[in-house]
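Below: the structure, in structure tokens.
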Amino acid sequence: MARIGPRDVGKDLSVGEVAARSGVAVSTIHFYEAKGLIRSWRNRGNQRRYPREVLRRVAVIKVAQRVGIPLAVIAEALRALPDGRTPTAEDWRELSARWRDELDQRIQKLARLRDELDGCIGCGCLSLKDCPLRNPWDVLSEEGAGPRLLEPA
């Protein structure tokens, strides 16, 4: 998409322009709107129009999704902004700080998974050589089904 000029600054965008500027598919823009993450209005020709600041909202959504934040959590955070406004740089700092602990936990879990992947996962199968060492007498089965060592309660 071409660079915007001074007369384009206040101009609302079509769904195609939002998609091109944000790097997401038109269907994704429609999906975000259906989920309440972004809003549009209809012109006299019944075409969707988006305020230019929707580009920042889409950018925030994309970055949050890229690091694994669920859409429901993103939507909740965006709804908490006063008057549904577009996130500022300060808003983004606050949102990312809130999500940092969750991301750190996910990173630790993935690191544990990576480190334990070639060993016993505590499934109770007793078929691997080290199961008797790591899960003697299938004691982990008392904690529940599934891979207990990688998914502790």
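By the 6.0 Å contact criterion, CZ on R85 is enclosed, its count of non-hydrogen atoms from other residues, nucleotides or ligands being greater than 12.
Between R112 atom CZ and I107 atom CD1 the span is 13.0 Å, to the nearest 0.5 Å. In this structure, CD1 in I38 is found 6.5 Å from CD1 in I61, a value given to the nearest 0.5 Å. Annotation: the span from K35 atom NZ to L78 atom CG amounts to 14.5 Å, rounded to 0.5 Å. The line from CZ of R98 to CD1 of I69 is 11.0 Å long, rounded to the nearest 0.5 Å. Expressed to the nearest 0.5 Å, how far CZ of R79 lies from CG of L37 amounts to 8.0 Å. I29 contributes atom CD1, which lies 12.5 Å from atom CZ of R21 (distance to the nearest 0.5 angstrom).
Between G16 and V26, the closest heavy-atom pair is CA-CG2, 4.3 Å. Here the closest non-hydrogen pair linking A19 and A25 is CB-C, 4.1 Å. A pairwise comparison of heavy atoms in R106 and P70 identifies NH2-CD, 4.4 Å as the closest pair.
Between T86 and L81 the shortest side-chain heavy-atom distance does not fall below 4.5 Å. Two residues are said to be in side-chain contact when any heavy atoms from C-beta on lie closer than 4.5 Å; V67 and W99 fail this criterion. Looking at heavy atoms from C-beta onward, Y32 lies out of side-chain contact with V54 at the 4.5 angstrom threshold. At a threshold of 4.5 Å between non-hydrogen side-chain atoms, the residues R48 and Y50 count as touching.
When only modelled atom types and interatomic distance are considered, Q47 and R49 share a side-chain donor-acceptor pair under 3.5 Å. Side-chain atoms of S40 and E33 include a donor-acceptor pair closer than 3.5 Å.
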Does the salt bridge (charged side-chain N to carboxylate O under 4.0 Å, His left out) test come out yes or no for R57 and E53, once each step is laid out? CA-CA 7 Å; R57 283 182 83 92; E53 60 266 12; over 6 Å; no
Take R52 and E17 through the test salt bridge (charged side-chain N to carboxylate O under 4.0 Å, His left out) and record every step on the way to the result. CA-CA 10 Å; R52 190 164 290 281; E17 290 170 323; over 6 Å; no
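For the pair T28 (side chain) and V24 (backbone), a donor-acceptor distance under 3.5 Å is absent. Using modelled atom types, no side-chain atom of Q108 and backbone atom of Q105 make a donor-acceptor pair closer than 3.5 Å. Of the possible donor and acceptor atoms, none in the side chain of D104 sits under 3.5 Å from a partner among the backbone N and O of D101.
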